[in-house]
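First comes the structure, then the notes that go with it.
Within every chain, numbering begins at 1; the chains are lettered A, B, ... in the order of the sequence lines, protein sequences first and strands thereafter.
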2 protein chains.
Amino acid sequence: MKALSRRIDLGARLTSKHLIAHPTEEPIRRKRSTLADVAKLAGVSAVTVSRALRHPRMVSSALRARIDAAVSELAYVPDVAASRLASARTHAIGVIVSSLTNGVFADYLRALHDTLLPAGFQVVVFSSRYSADEEEKVIATLLGQHPEAIIIAGIDQTPHGRRLLERSGVPVIQTFELTDDPIDINVGLSQRQAGYAATQYLIDRGHRRIGYTAARLDARAHARMEGYNRAMADARLPTDGLVATTPRPSSVSAGGELIGAILDRRSDLEALFCCDDNLALGALFECQRRDIAVPDQISIIGFNDLEFAACAHPPISSVATPRYEMGRLAAEIVMKIIEIGERPADRRIDVGFTISERGSTMPVARPQARRALSE
Amino acid sequence: MKALSRRIDLGARLTSKHLIAHPTEEPIRRKRSTLADVAKLAGVSAVTVSRALRHPRMVSSALRARIDAAVSELAYVPDVAASRLASARTHAIGVIVSSLTNGVFADYLRALHDTLLPAGFQVVVFSSRYSADEEEKVIATLLGQHPEAIIIAGIDQTPHGRRLLERSGVPVIQTFELTDDPIDINVGLSQRQAGYAATQYLIDRGHRRIGYTAARLDARAHARMEGYNRAMADARLPTDGLVATTPRPSSVSAGGELIGAILDRRSDLEALFCCDDNLALGALFECQRRDIAVPDQISIIGFNDLEFAACAHPPISSVATPRYEMGRLAAEIVMKIIEIGERPADRRIDVGFTISERGSTMPVARPQARRALSE
DNA sequence: GGGAGAAATGAAAGCGCTGTCAATTGGCAA
DNA sequence: TTGCCAATTGACAGCGCTTTCATTTCTCCC
């Protein structure tokens, strides 16, 4: 029997010797050049250099060329700190997400960049790493940078964090979720409603023993689970032994383990709603390993409709959330407020969701295939 | 025949009416409170407040308590711009990666955060979005923030970008790849060598008709392809029709399309080296769709050993790169230089790589199963 | 109890840049 | 040629904070 995974060392190995240090030889940390340096080199005053850089048309083209040359010669880069202090504008939009590396935030961040960068804003991204405490710290750090607006994922800030945001005096957009009591403006969707819809979707297709798996129980995962519970209760379906969760971060392997845990208790599982697509992919692989046909024996639906869902085999059904749209909308609202002082008519904007129906769930028309009971 | 993917609208829809604007009613953008405000409220001088915040032990505990109360009362957050300007220290480490959302950078960024945050540094992350031009801009933007060191993924900066970095006067660590001519310090691995090793691994297992797929032809993908070409040439194996690439970003679906393109030309394909694991996963799904057994008919090996590789079905062999280690090492080097002025003995550190051998490739011992020729 | 030294606090300067307003130059109509 | 306006350019102050140095207050021991 061959090992599942065998590691073969090939490259050089990492050893502590790499860190043997020797006294620095060249502390030539030459001073960064400043506006004054450029001005001296170009033979003009500092103000003129500043203007040549900020408002080129206020400076004669001859001077501008001389200044550009000096800037290039000295590899001059303006100091944002000084600039911000003097001008009271930062052109920075603060963005806080739960994770920099979760695929869910990819489209959202891309939308923010796509919309804000061309308009001359800088996007300052921080990650709360799914921790309320860390989020609070990150909010403070971000405010220290005087962003002109803040776009934050989620609605579950700590009281202190919320207070900081309220007092910041800049527009705050809460995204991803929907709340009745936004700090300022709220652009999102009802995670609870989406969880309900996904579960109802499975119920509508004739399933009764519907499981739920979730990892990293953040507020959004909880809301989806509430939706699941409510849908099951509304349909008078029991959920005993059908739910498996873990506080660990979501991953494909966790998805396999979670469905495994349910199957070990409930071999009669008919359908599974996974709190996110990674879990769904893991569940699909686990079914393949156990020779359980998807969707004939078990239907699987994921959440977020990440890229891979559509091209898995079978393709995975998923609740699609308009993340790019949400990001674009948040960015546009922010720019409108900053630049023309116009605020949206509603403080609360529901971007909705859809269900992408694919091969991992049975279509409603098809007669129910029941999975043979294996002991 | 049922549609591969059917979308079902469920939530509220996004319409332009959301953006109907009305004049802002409350331009109460109240001034942010400053050190002076806190000082006045606490009945002390501004210097004392600054000290209470930066060096608490220099201030009597009674005063400290009063000041903390005032800080809290006013939701005061220090202005980093002013702080940086006055102190000439930013405690910021600039990090530039090719993509914020590619899983490859996840462990790396996590390592940087894990190592630098506890030491009191702020990690400022920028994405070059796989564009040399954008990287150049981002370098300038970053330098404007006066980071105390820069950690940048890749070695292929533009001449101007390189010049900016060289002139910045701060330590620069280039990561991921290895170069003979680092800007300052280089921590990485030979992508070319890794590509060679992966190909050689397949050759060693008796394969001859070995394909290669790659997406988004950045420098690292090129280096891996060079390794593939060299390994094939060394073994005197032809590569005609066995290579498929696309300039699009890497994705699971692209992985399926690329192996599909090869299979359409070369139905006798025996093994495939994918430039990254997403492509490998897509290739695996495409094989499943075409009823091609992995690894019995085609062996697949990926690159980077992302989380899902180990739990796919079959688990996907992959070239494992020590991304967390690389990030940690880069962060430690940076801190050593900044805090005690110690530089590593070598300017160039090879972190190596390994091959994680799994079920998607045939073990060397096993007799070769040849794929039946289907026209 | 007095004085030395330590601890706690404050005053003033200035980081690098930009906004405001003043000064200079050039062009052109009268 | 003169005067006036527009186009350029410069001087100066100050953004909010920290550093340095000076001053005040407190401790402690002879």
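For the pair A/Thr34 and C/dG16, the criterion of a side-chain N or O lying under 4.0 Å from OP1 or OP2 is not met. Between B/Tyr76 and the phosphate of D/dG16, there is no side-chain N or O to OP1/OP2 separation shorter than 4.0 Å. Contact check, B/Ser45 against C/dT9: no side-chain N or O comes under 4.0 Å of OP1 or OP2. The shortest distance between the side-chain N/O atoms of B/Ser87 and the OP1/OP2 oxygens of C/dC15 is not below 4.0 Å. For A/Ser60, no side-chain nitrogen or oxygen approaches OP1 or OP2 of D/dT8 to under 4.0 Å. Taking 4.0 angstrom as the limit, B/Arg54 places a side-chain polar atom (N or O) nearer than this to OP1 or OP2 of D/dT18. Taking side-chain N and O atoms only, A/Ser83 has no distance below 4.0 Å to OP1 or OP2 of C/dC17.
A straight line from CZ of B/Arg64 to C1' of C/dA7 spans 13 Å, rounded to a whole angstrom. Rounded to an integer number of Å, the gap from A/Arg51 CZ to D/dT8 P is 11 Å. The nearest whole Å value for the distance from the CG atom in B/Leu85 to the P atom in D/dG14 is 16 Å. Nucleotide C/dG16 holds its P atom 17 Å from the CD atom of B/Gln145, rounded to whole Å. Atom CG of B/Leu63 is separated from atom P of C/dA8 by 10 Å (rounded to the nearest Å). Distance CG (B/Asp79) to C1' (D/dG16): 6 Å, rounded to an integer number of Å. A/Leu35 places its CG atom 14 Å from the P atom of D/dA11, with the value rounded to the nearest Å. A straight line from CD1 of B/Ile67 to P of D/dC17 spans 13 Å, rounded to a whole angstrom.
The neighbour count for B/Asp133 CG, taken as heavy atoms of other residues, nucleotides or ligands under 6.0 Å away, does not exceed 12.
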Can you name the atoms? Protein N/O to nucleotides 4-6 of chain C N/O, anything below 3.5 Å, with the distance.
none

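Residue order along DNA chain C, read from the 5' end via each residue's closest nucleotide, puts B/Ser61 first among B/Ser61 and A/His55. Where B/Ala82 and B/Met58 meet DNA chain C, the nucleotide closest to each residue was compared, and B/Met58 sits on the side nearer the 5' end.
If you check the side chains of A/Tyr108 and A/Thr175, you find a donor sitting under 3.5 Å from an acceptor.
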**Request:** List the steps, then state whether side chain to side chain contact (heavy atoms under 4.5 Å, CB included) holds for A/Leu100 with B/His113.
**Result:** CA-CA 11 Å; A/Leu100 277 182; B/His113 278 106; 4.2 Å; yes

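A side-chain donor-acceptor contact under 3.5 Å links A/Glu148 to the backbone of A/His91.
For B/Asp107 and B/Arg110, the salt-bridge test passes: some basic side-chain N is under 4.0 Å from an acidic carboxylate O. Note on A/Arg328 versus A/Glu325: salt bridge recorded, some NZ/NE/NH1/NH2 to OD/OE distance being below 4.0 Å. With respect to A/Arg347 and A/Asp181, no salt bridge is recorded, no charged nitrogen being found less than 4.0 Å from a carboxylate O. Using a cut-off of 4.0 Å between Lys/Arg side-chain N and Asp/Glu carboxylate O, A/Arg343 and A/Asp184 are scored as salt-bridged.
B/Leu35 CG to B/Lys40 NZ: the interatomic distance, rounded to the nearest 0.5 Å, is 13.0 Å.
Each of A/Arg162, A/Gln174, A/Glu136 was evaluated against A/Gln157; a single residue qualifies, A/Gln174, per the side chain to side chain donor-acceptor pair (under 3.5 Å) test.
If you check every strand for non-hydrogen atoms under 4.0 Å, B/Arg84 touches nothing.
For A/Arg89 and C/dG19, a side-chain-to-base donor-acceptor distance below 3.5 Å is absent, hydrogens and geometry of angles not being considered.
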**Prompt:** Can you give the dot-bracket line for DNA chain D, where a pair is Watson-Crick or G-U wobble with both atom distances under 3.5 Å, crossing pairs use [ ], and | marks a partner on another strand?
**Reply:** ||||||||||||||||||||||||||||||

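Of the candidate nucleotides D/dG14, D/dT18, D/dG10, D/dG10 has the atom lying nearest to any side-chain atom of A/Thr48.
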